[in-house]
Amino acid sequence: MAPLRYSHRILSPAKTMSTFTETFNLKVPLIQAPMAGVQDARLAIAVSQSGALGSLPCATLTPELARQEMLAIQAAGIGAWNVNFFCHVPPPPDAVAEAAWRDALAPYYQDYGIDSHAIPPGAGRAPFDAAWADVIEPFRPPVVSFHFGLPSPDLMARVKAWGAKVCASATTVAEARWLVERGVDAVIAQGLEAGGHRGHFLSDDLTMQSGTFSLVRQLAMTIDRPVIAAGGIADRAGVVAALALGAAAVQVGTRFMCAHEAKTNADHRRLLQDAELSSHTALTRLFTGRPARGIVNRLMRDLGPMASIAPAFPLATAALAPLRAAAEKAGCLDFSPLWAGQNTRYCRAQPAADIVAELVPYR
Ligand SMILES: Cc1cc2nc3c(=O)[nH]c(=O)nc-3n(C[C@H](O)[C@H](O)[C@H](O)COP(=O)(O)O)c2cc1C
């Protein structure tokens with residue numbers, strides 16, 4: 001496709017897009033969405049080397065693993081990169097809810113010969129805290145992004161003290177205002193099309209959330225910070241449209257899942273590239289306890305994607321882990337979280353640098 005030339009002034013107020021790339025030290029207004037579980041530093045480095053912002057998701061990493069990944073990023077000598085964390089409040093353990101969840105999964109355990117009593121409870125994902133700040137501070141990541149709200153004010157101040165720009169996801173105008181009041185440098189407008197977890201934190205009511213373009217436009221008209229459009233954007237036309245609505249940049253996830261440098265497993269990649277199989281996604285809380293968008297599979301069909309039987313985030317994950325592992329070993333994705341956004345059409349195996357070049361409307 002020939003490069004599309006346009007004036008920043010026409011499609012996006014000059015102050016938004018060009019200021020964004022300058023402030024975030026980027027060549028192009030594109031962020032590779034942090035995607036816990038399907039990528040590590042390799043994808044982030046390839047994206048950042050292409051002039052966009054590569055992201056390292058830390059939600060499912062141990063501190064030691066995160067350190068290794070950041071050492072790899074440091075060794076690559078890239079200027080701009082992002083580390084990403086969850087900011088949920090972990091729920092107290094709930095033995096009753098856990099037992100009910102394991103009961104609901106009992107027929108599947110039986111099929112795979114799994115002893116549910118032998119499954120250790122696991123915390124799953126840890127939120128950003130002072131210990132995590134100790135881990136990342138020596139690396140001084142230039143951008144830190146948060147999902148599910150923000151850390152405490154003292155931790156925000158600590159992150160900003162080393163000069164990091166802070167971004168965070170909003171799913172409503174009210175959340176965006178809340179984030180701006182607490183000092184974020186840019187707001188990620190996460191529309192309902194987006195793959196992976198919904199980033200909401202003020203209300204669990206999904207009916208309050210809207211599609212990407214509706215949200216982006218409202219935020220661009222409401223808040224005095226750059227808006228980053230996320231959800232369902234997978235090609236150049238989508239990028240141009242988001243910028244035309246007032247976004248200063250876009251954050252793209254699903255399109256990068258089949259990049260050579262991603263770690264998405266082979267079966268999940270195959271599904272993403274199958275236009276028919278990947279066309280049916282839904283929000284489900286079964287895999288972790290929080291709503292997230294993924295390709296509909298057997299567990300979602302059997303129990304209902306939003307069934308309340310799954311314990312609170314992130315406690316639902318532990319009981320599913322051995323089931324998922326056993327099924328995947330047999331080439332079956334019935335119990336795997338098949339995260340994907342609503343737009344999988346452009347997913348194909350290619351280098352991340354080519355994805356960046358195809359997405360960004362000019363070089
Ligand atoms: C596989 C996958 C994992 C994700 N993990 C994270 C994460 O760890 N942190 C985060 O802030 N967002 C995460 N997201 C959400 C993205 O930040 C972003 O909102 C979404 O990918 C944008 O929609 P798209 O996938 O349609 O491009 C994830 C998305 C996907 C597809």
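For ligands, and for the atoms within them, numbers begin at 1 and follow the listed sequence. The structure displayed is predicted, hence computed values, not measured ones.
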Contacts of Ser145 meeting side-chain hydrogen bond (donor to acceptor under 3.5 Å, both in side chains) (sequence neighbours excluded), chain-then-number -> Asn82, Asn84
Do the charged groups of Glu181 and Arg177 touch, with an N to O distance under 4.0 Å? no
Side chains of Val28 and Thr21: closer than 4.5 Å at any heavy-atom pair? no
Would you say CD of Glu64 has more than 12 non-hydrogen atoms from neighbouring residues, nucleotides or ligands within 6.0 angstrom? yes
Atom pairs and distances, donor-acceptor, side-chain atoms in residues 186-195, under 3.5 Å, two or more places apart:
{"residue": "Gln190", "atom": "OE1", "partner": "Arg198", "partner atom": "NH1", "Å": "3.4"}
{"residue": "Gln190", "atom": "OE1", "partner": "Gly199", "partner atom": "N", "Å": "2.7"}
{"residue": "Gln190", "atom": "NE2", "partner": "His197", "partner atom": "O", "Å": "3.0"}
{"residue": "Glu193", "atom": "OE1", "partner": "Thr212", "partner atom": "N", "Å": "2.8"}
{"residue": "Glu193", "atom": "OE1", "partner": "Thr212", "partner atom": "OG1", "Å": "2.8"}
{"residue": "Glu193", "atom": "OE2", "partner": "Thr212", "partner atom": "N", "Å": "3.3"}

Any idea which atoms of ligand 1 are less than 4.0 Å away from a heavy-atom of Gly232? 23 (O), 24 (P), 26 (O)
Using a 4.0 Å cut-off to any heavy atom of Val252, which atoms of ligand 1 qualify? 27 (O)
Over all atoms of both residues, closest heavy-atom pair of Ala170 and Leu179: CB-CD1, 3.9 Å
Do the side chains of Thr288 and Arg125 get nearer than 4.5 Å, heavy atoms only? yes
Checking heavy-atom distances from atom 31 (C) of ligand 1 to each of Ser169, Cys58, Gly191, Gly195, the winner is Gly195
Going by heavy-atom distance to atom 21 (O) of ligand 1, choose the closest among Cys167, Gly253, Gly196, Gly341. Gly253
Run the numbers for me: atoms of ligand 1, each under 4.0 Å from some heavy atom of Gly231, listed by number. 22 (C), 23 (O), 26 (O)
List every atom of ligand 1 that sits less than 4.0 Å from any heavy atom of Ala194, numbering the atoms from 1 in the order shown and giving each element. 19 (O), 20 (C), 22 (C), 23 (O), 26 (O)
Quick one: does ligand 1 sit under 4.0 Å from the side chain of Gln190, the backbone, both or neither, non-hydrogen atoms only? side chain
Among all protein heavy atoms, pick the one closest to atom 11 (O) of ligand 1 and tell me residue, atom and distance. Asn84 ND2, 3.1 Å
Pair Arg158 + Glu137, salt bridge at N-O below 4.0 Å: yes
Short N/O distance, under 3.5 Å, between Gln251 and ligand 1? yes
Would you mind running through ligand 1 and noting each atom that sits below 4.0 Å from a heavy atom of Ala33? 16 (C), 17 (O), 18 (C), 21 (O)
May I ask you to check if ligand 1 and Ala36 share an N or O to N or O distance below 3.5 Å? yes
What do you reckon, does Gln342 have a nitrogen or oxygen under 3.5 Å from a nitrogen or oxygen of ligand 1? no
